[in-house]
Amino acid sequence: MSQCDFHYSHLLPHKPGILPLDETLTRQCRRCGAMFTTKSRTRKRCDTCQTLVASEKQKKANERLKARRAAKRQWLLSAR
């Protein structure tokens, strides 16, 4: 397969999924240890822990953004 083929990758046939659509897995949450069912092999947390982790990550990202903007503001003020 040449480098040019990747440009047309949307035209190639898709690979089948790992799991049939109707199969469910019982997993254990890596955060709280609760058992939950899912259709995804990649999920590692239950729904409640997933929302908590997502909000924590969003909060950290907002803090990083605020710090970056403040540093830029300080740099602009010191450059004058």
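Under the side chain to side chain contact (heavy atoms under 4.5 Å, CB included) criterion, Arg69 pairs with Leu65, Arg73, not counting sequence neighbours.
Side chains of Thr38 and Ser40: a donor-acceptor N/O pair is absent below 3.5 angstrom, by distance only.
Salt bridge absent: Glu63 and Lys57 never bring a charged side-chain N and a carboxylate O closer than 4.0 Å.
Across all their heavy atoms, Lys44 and Phe36 have their closest contact at C-CZ, 4.1 Å. Between Cys29 and Cys46, the shortest heavy-atom distance links the atoms SG-N, 3.5 Å.
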| task | Verify side-chain contact (heavy atoms from CB on, under 4.5 Å) between Arg31 and Leu52, making sure each step is shown before the conclusion. | result | CA-CA 10 Å; Arg31 193 164 190 257; Leu52 286 174; 3.4 Å; yes
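Distance CG/Leu77 to NZ/Lys72: 12.5 Å, rounded to 0.5 Å.
Between Lys39 and Leu25, the closest side-chain pair of non-hydrogen atoms is not below 4.5 Å. Using a 4.5 Å heavy-atom cutoff, the side chains of Arg30 and Arg45 are in contact.
A distance-only check finds a donor-acceptor pair linking the side chain of Gln28 to the backbone of Gly33 [under 3.5 Å].
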